[in-house]
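Reviewing the structure listed below.
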Amino acid sequence: MRERDRPWTMHELMEESRLTELKVDLGSLVDFFIRKGLIRISYQRTKGLGVELVTYEPVV
């Protein structure tokens, strides 16, 4: 995750070829890493009313 200069979206994580084998459990893994304080979640407003872009980035 650290090799990018911008946070990842869940769609980008799901499409990452290195994570292919983890797709089934990826949501649970991301949730676990958030609870452990290893990943930070951020919300960005979009043009759509009430729609936010959720991104994930490493804390370190």
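Because only heavy atoms are used, hydrogens play no part in the values below, and waters and symmetry mates are left out as well, while side chains stay in. Computed from a predicted structure; not experimentally measured.
R35 is linked by a side-chain contact (heavy atoms from CB on, under 4.5 Å) to D31, F32, counting only residues two or more places apart in sequence or in another chain. Partners of T46 by side-chain contact (heavy atoms from CB on, under 4.5 Å), not counting sequence neighbours, listed by chain and number: V51, L53. Remark: I34 engages V30, I39, I41, Y56 in a side-chain contact (heavy atoms from CB on, under 4.5 Å) (not counting sequence neighbours). For the salt bridge (Lys or Arg N to Asp or Glu O under 4.0 Å) test, residues two or more places apart in sequence or in another chain that qualify with E16 are R18.
Annotation: side chain of M10 is not in contact with side chain of V54 (no heavy-atom distance under 4.5 Å).
Among residue pairs with one or both ends in residues 38-50, those qualifying as salt bridge (Lys or Arg N to Asp or Glu O under 4.0 Å) are R40-E57; sequence neighbours excluded. Counting only residues at least two apart or in different chains, salt bridge (Lys or Arg N to Asp or Glu O under 4.0 Å) contacts with residues 19-30 are absent.
Rounded to the nearest 0.5 angstrom, T55 OG1 and R6 CZ are separated by 9.5 Å.
At a threshold of 4.5 Å between side-chain heavy atoms, the hydrophobic network of Ile, Leu, Val, Met, Phe, Trp and Tyr places F33 and Y43 in one connected group.
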